[in-house]
Structure formats: C-alpha cells, structure tokens
Amino acid sequence: MYKHITPPTTGEKITFKGGEPIVPDNPIIPFIRGDGTGIDIWPATQKVLDAAVEKAYKGKRKISWFKVYAGDEACDVYGTYQYLPEDTLAAIKEYGVAIKGPLTTPVGGGIRSLNVALRQIFQLYACVRPCRYYPGTPSPHKNPEKLDVIVYRENTEDIYLGIEWKRDDEIAKKLISILNQDLIPATPEHGKKQIPLDSGIGIKPISKTGSQRLVRRAIKHALQLPKNKQQVTLVHKGNIMKYTEGAFRDWGYELATSEFRQECVTERESWILSNKENKPDISLEENARLIDPGYDALTPEKQQQIVKEVEAVLNSIWDSHGNSKWKDKIMVNDRIADSIFQQIQTRPDEYSILATMNLNGDYLSDAAAAIVGGLGMGPGANIGDSAAIFEATHGTAPKHAGLDRINPGSVILSGVMMLEYLGWQEAADLIKKGIGEAIANQEVTYDLARLMEPKVEPLKCSEFAEAIIKRFS
Ligand SMILES: NC(=O)C1=CN([C@@H]2O[C@H](COP(=O)(O)OP(=O)(O)OC[C@H]3O[C@@H](n4cnc5c(N)ncnc54)[C@H](OP(=O)(O)O)[C@@H]3O)[C@@H](O)[C@H]2O)C=CC1
Ligand SMILES: O=C(O)CCC(=O)C(=O)O
Ligand SMILES: [Mg+2]
C-alpha cells in the first residue's frame with residue numbers, strides 16, 4: 001500500500017469515537033523528523049518519550065514509531081518537489097495521531113506551508129499552545145510564573161487558507177477592477193475607497209462553523225481546569241475587521257450562551273448581575289449606565305437597547321446565575337488583539353484560555369512563549385475530531401541545524417501533550433518532572449544558559465535529553 005515507508009510490524013491503530021482517541025497499549029504513531037534543527041530535536045525527543053513510557057509502564061505500554069517523510073527529507077526519498085508525499089498523508093489518516101518536527105516554508109514565493117497544509121487536510125481545527133513557567137527558567141519578565149495561559153488558535157482558515165494573488169497577476173487585476181468598479185461603489189459604507197492597482201490581494205475568510213468549533217473546544221477545555229482558571233478570552237481585532245474578527249467574537253459569545261448556557265457567564269452579564277447583587281432595587285436604566293461608561297452620550301435608541309439587554313439578562317439568567325452563582329461559572333470575555341499582547345505582560349494572571357483566530361494566535365503564541373523562556377519552551381498540539389498532530393510552536397531555526405545545540409524542550413513538551421492526549425499521564429508527569437528538575441539545576445541548552453545570571457555552561461541538545469531522563473527514577 002505504501003510506496004517508500006513500512007509500518008512497524010508490532011502495534012495497533014488508534015481509533016476515534018466522538019472526537020476522542022481510543023488508545024491501545026501499543027499504538028503505532030507516525031513521526032516526521034522535520035527540517036533544520038529537526039535533525040537534532042527528533043532523536044532527543046524520541047529517546048525521552050520512550051524512556052518515560054518504559055519507566056512508567058515497564059513494557060505494558062509502548063509506542064511503535066512509524067517513520068514518515070515531509071519537507072526536505074521527503075524530497076530525498078520521493079524525488080524533487082515531493083514535499084508532502086501521499087504515503088505520509090495516508091499513514092497519518094490511518095493511524096490518527098502523529099508528532100512532527102518543524103518544516104520550512106519559504107517567504108514570498110515557493111511552496112506553501114506544509115505545516116498549515118497538514119492542519120487543513122486533517123481538519124485539525126484547534127491549535128493548542130500552553131505557555132507555562134518552569135521555575136528557574138530565565139525570563140525577561142519579573143514574574144514569569146504568573147503567566148499560565150493556553151492559546152487556542154483556530155487552525156484551518158483566516159488568511160492561512162492561502163487564497164491570494166500577487167500584484168499584476170491577471171486574477172488580481174480582475175478582482176481589483178471588479179471591486180473598484182462594481183462592488184465597493186455598490187456598498188455605501190465603503191464610500192469612495194479604492195484599492196491601489198498595484199496591490200497583491202489576499203482573502204480572509206472567517207466562518208461561523210470554524211469559529212464556533214474552536215470556541216466549543218476551548219470551553220470544554222476550560223471546564224477541565226481548576227476553578228480559578230475557568231475562563232475563555234475571545235481575542236479579536238473586531239473594531240477594525242468587523243465582519244471577520246468582530247464576527248468571531250460574536251459567534252463565540254453566541255455559542256457560549258447557547259450550548260454552554262448553564263456553565264458560562266459573559267463578562268458583561270457578570271457586571272449586570274453584580275450590579276443587582278450590590279443594589280437589589282437598582283433600576284434597569286441605572287444598571288445599564290453602570291455597564292456602559294459612555295451611556296449618557298449615546299442616542300436614546302442605543303440607550304434603550306442597553307436597557308433591554310440588562311432586562312433580558314436578568315430575566316433569563318438571574319435564577320441560575322444570580323446571587324453570586326455566576327462566580328462558579330466559566331467566565332467568557334473578549335479582548336482586542338493588540339491589547340492582549342500588553343495584557344499578558346502586564347496582567348498575566350488575569351488570563352487563562354485565549355481563543356483566537358489563526359493569525360492572531362500565531363503571533364500570540366510566540367509572544368507568550370517568550371515570557372516563559374522563549375521558543376525552546378513552547379509546545380503545541382493540532383487537534384481535530386478524527387486526528388491530532390503534535391508539534392512545537394517554533395520553526396526550523398536553521399542557523400542552529402545539525403549542531404546538537406538547539407533546545408528540544410518544545411518538541412519534548414509537545415510529546416508530553418501527546419502522552420496526555422493518549423491518557424498516559426504517568427509518563428507525561430515523569431517528563432515534566434525531569435524537565436523541571438533539570439532546569440532548576442541549571443542543566444539547560446544555550447538559549448536558557450545565555451540568559452541565566454551568572455551565565456552557565458550550556459548542555460548540548462542530546463545532553464539535555466539525558467538530563468531529563470536521569471531524573472525519572
Ligand atoms: N510549525 C512549524 O513547523 C513552523 C515552521 N516555521 C518555519 O521555520 C522556518 C524558520 O523560521 P524562523 O522565523 O527562523 O523561526 P524559528 O522559530 O525557526 O526560529 C527563530 C529563532 O527562535 C529561536 N528558537 C527557535 N526554536 C528554538 C528552540 N527549539 N530552542 C531555542 N531557540 C529556538 C532561535 O533564536 P536564537 O537564534 O536567537 O537563539 C531561532 O533562531 C521558516 O521556514 C518558517 O516558516 C516557523 C514556525 C513554525
Ligand atoms: O508553517 C510555517 O512555516 C509557519 C507556521 C507558524 O509560524 C506556526 O504555525 O506557528
Ligand atoms: Mg508561528
């Protein structure tokens with residue numbers, strides 16, 4: 001069936017039921033080594049994962065690794081331009097759960113991202129990137145331990161759909177002409193705007209289905225968190241992109257207050273409820289004035305709308321959420337994207353799950369990782385309803401490739417996420433303990449070593465793996 005790959009002779013397939021994996025004790029798991037520093041990181045990762053599983057389950061459980069190809073390595077095996085062979089896609093489809101190193105995407109031309117393609121092909125719609133601090137990790141921040149967030153990034157649409165045309169392409173010219181001559185003038189709110197003729201054009205689709213399935217997963221995750229972390233923040237730039245990013249926010253709230261009505265309270269609802277709790281005989285108008293600071297400057301129609309909103313909230317959820325019951329619910333709020341970048345730095349402990357669209361989440365996950373130690377400490381998972389691929393937040397870091405110096409921490413921690421996804425918590429915990437103790441003992445790779453004060457001698461990538469493993473006992 002496969003052309004250039006051979007599945008292991010032992011092991012069984014992971015299957016899916018209701019979006020969740022059913023995991024045998026000896027699952028076959030395809031892995032992609034990755035380009036650039038993948039050559040250093042993957043062997044270190046595999047060693048740590050195998051050692052943890054062996055230590056935790058003493059042979060009762062074991063991963064049967066299945067090597068599959070993508071990126072440069074795939075071209076070596078399958079031929080020129082065969083970056084993502086059919087074999088690889090068939091293997092991931094068949095075995096369901098995979099793990100990968102980073103893959104190169106050229107800027108400004110050439111192939112489109114293989115990483116993004118894998119997410120779209122397998123509808124891995126939730127990119128889950130936790131940013132958590134390991135004590136002792138050097139950080140540019142005074143209190144990095146206060147950041148404990150999970151970026152929940154929509155992973156299949158937005159401008160990452162990759163529908164774009166370059167400047168002077170015939171289709172770009174045609175599109176611009178139709179927009180300038182017909183569609184923009186036909187839309188009064190666009191006034192006399194015109195698109196410059198020498199523009200490249202990209203399309204940014206944000207769907208209700210895509211947004212809501214992401215927020216649904218984020219809320220379900222929040223339900224599993226300790227009470228003080230049960231919060232989902234919808235991140236958007238909806239003040240500027242009203243019908244894409246603004247709609248993401250609205251669809252998020254709509255989902256939270258319909259499918260999860262008993263479990264969720266929105267921030268605005270919490271204000272309305274607490275205003276009444278603080279002053280039981282408060283009038284609807286007074287309550288409206290308190291939740292909207294600009295109330296008195298609004299038109300009477302707009303004021304009426306807010307009064308009606310207050311009334312509707314009190315009528316519909318006072319019994320279930322009032323008298324402080326809302327404090328035990330998942331708080332759903334929203335923040336504008338640029339503001340959240342400063343909020344996670346200035347008030348990190350006020351956030352938990354950050355639900356974002358694709359581009360915002362890409363930016364935000366690197367920024368959040370920087371606070372807790374940088375890209376060497378940023379794991380990730382791409383999760384769908386019938387497949388999952390685990391990969392780090394960082395890329396191929398090409399200048400460090402082949403030097404056995406890069407930090408394998410992010411891919412190892414992505415492996416930890418995979419073990420947790422499989423339900424193999426004991427093995428996952430061993431690795432977290434090993435990483436925590438190695439860092440606390442200043443046994444770290446160059447990226448963390450150079451930030452430590454006083455500076456410490458860095459470990460190699462492979463030595464860091466050993467430093468983790470030796471702490472399993
Ligand atoms: N999912 C994926 O496979 C991804 C792939 N990419 C692709 O990777 C390629 C390179 O992208 P680039 O923009 O350079 O971003 P990278 O994330 O690859 O690297 C940027 C810098 O981040 C630091 N860094 C990255 N990974 C680690 C690590 N494991 N340990 C320590 N430090 C690390 C290094 O900084 P310093 O040198 O200062 O120590 C590195 O030079 C591009 O083709 C890009 O498209 C990018 C992101 C994700
Ligand atoms: O696919 C790529 O090359 C980059 C993707 C990326 O930066 C990410 O997913 O975080
Ligand atoms: Mg990125």
Side-chain angles (χ1 to χ4, degrees), residues 31-45 70-74 83-84 98-121 124-129 131 137-140 151-162 356-370 372-383 389-415 435 439 444-451 458-462 464-465:
F31 71 93
I32 294 168
R33 183 199 72 189
D35 296 330
T37 45
I39 200 168
D40 308 289
I41 292 172
W42 178 253
T45 301
D72 295 340
E73 225 194 349
Y83 288 97
L84 196 52
I99 182 164
K100 65 178 278 294
L103 295 167
T104 306
T105 316
V107 175
I111 56 160
R112 287 201 176 267
S113 168
L114 307 169
N115 311 302
V116 171
L118 284 167
R119 299 165 195 166
Q120 290 172 350
I121 289 166
L124 309 174
Y125 57 86
C127 176
V128 185
R129 293 180 166 176
C131 293
T137 310
S139 163
V151 177
Y152 246 86
R153 163 190 178 195
E154 199 294 321
N155 219 11
T156 60
E157 48 187 40
D158 200 342
I159 51 170
Y160 287 64
L161 204 53
T356 77
M357 281 153 288
N358 213 334
L359 178 62
N360 290 335
D362 194 351
Y363 294 162
L364 194 56
S365 51
D366 270 41
V372 294
L375 285 176
M377 298 299 291
N382 304 292
I383 310 279
I389 301 180
F390 294 79
E391 66 175 338
T393 292
H394 65 70
T396 57
K399 70 180 174 193
H400 304 288
L403 302 176
D404 193 16
R405 71 192 301 259
I406 199 75
N407 187 351
S410 305
V411 180
I412 293 174
L413 284 167
S414 305
I435 291 184
I439 292 175
V444 294
T445 44
Y446 84 94
D447 51 322
L448 303 185
R450 71 184 168 192
L451 294 173
L459 297 189
K460 292 178 179 170
C461 171
S462 53
F464 184 57

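In each ligand, atom 1 is the first atom listed, and ligand 1 is the first ligand listed.
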Relative to the heavy atoms of [X], which atoms of ligand 2 are at a distance of less than 4.0 Å?
X	result
Arg129	8 (C), 9 (O), 10 (O)
Asp362	6 (C), 7 (O), 8 (C), 10 (O)
Thr393	10 (O)
Arg153	8 (C), 9 (O), 10 (O)
Thr105	1 (O), 2 (C), 3 (O)
Ser113	1 (O), 2 (C), 3 (O)

With a 4.5 Å limit on heavy-atom distance, are the side chains of [X] and [Y] in contact?
X	Y	value
Ile32	Ile389	no
Glu157	Asn358	no
Pro106	Ile111	yes

So is Arg119 actually on top of Tyr160's ring, under 6.0 Å and inside 45° of the axis?
no
Say whether, by atom type as modelled, one donor and one acceptor occur between the side chain of Thr156 and the main chain of Tyr125 under 3.5 angstrom.
no
Test item: Asn382 side-chain N/O and Glu391 main-chain N/O as donor-acceptor pair under 3.5 Å:
no
Listing by chain and number, which residues have a heavy atom under 4.0 Å from ligand 1?
Lys100, Pro102, Leu103, Thr104, Thr105, Asn115, Arg119, Leu375, Gly376, Glu391, Thr393, His394, Gly395, Thr396, Ala397, Pro398, Lys399, His400, Ile406, Asn407, Tyr446, Asp447, Arg450
Kindly give the heavy-atom pair with the smallest separation between Arg129 and Ser365, and that separation in Å.
NH1-OG, 2.9 Å
Count the heavy atoms belonging to other residues, nucleotides or ligands that lie under 6.0 Å from CD1 of Ile39, then report whether that count exceeds 12.
no
Thinking salt bridges, do Asp40 and Arg405 make one under a 4.0 Å N-O criterion?
no
Contact flag Asp362/the Mg ion (ligand 3), N/O/S atoms, threshold under 2.8 Å:
yes
Among all protein heavy atoms, pick the one closest to atom 4 (C) of ligand 2 and tell me residue, atom and distance.
Asn115 ND2, 4.4 Å
Using heavy atoms and a 4.0 Å limit, tell me yes or no: is Arg119 in contact with ligand 2?
yes
Thr396 and Asp35 side chains, donor-acceptor separation under 3.5 Å:
no
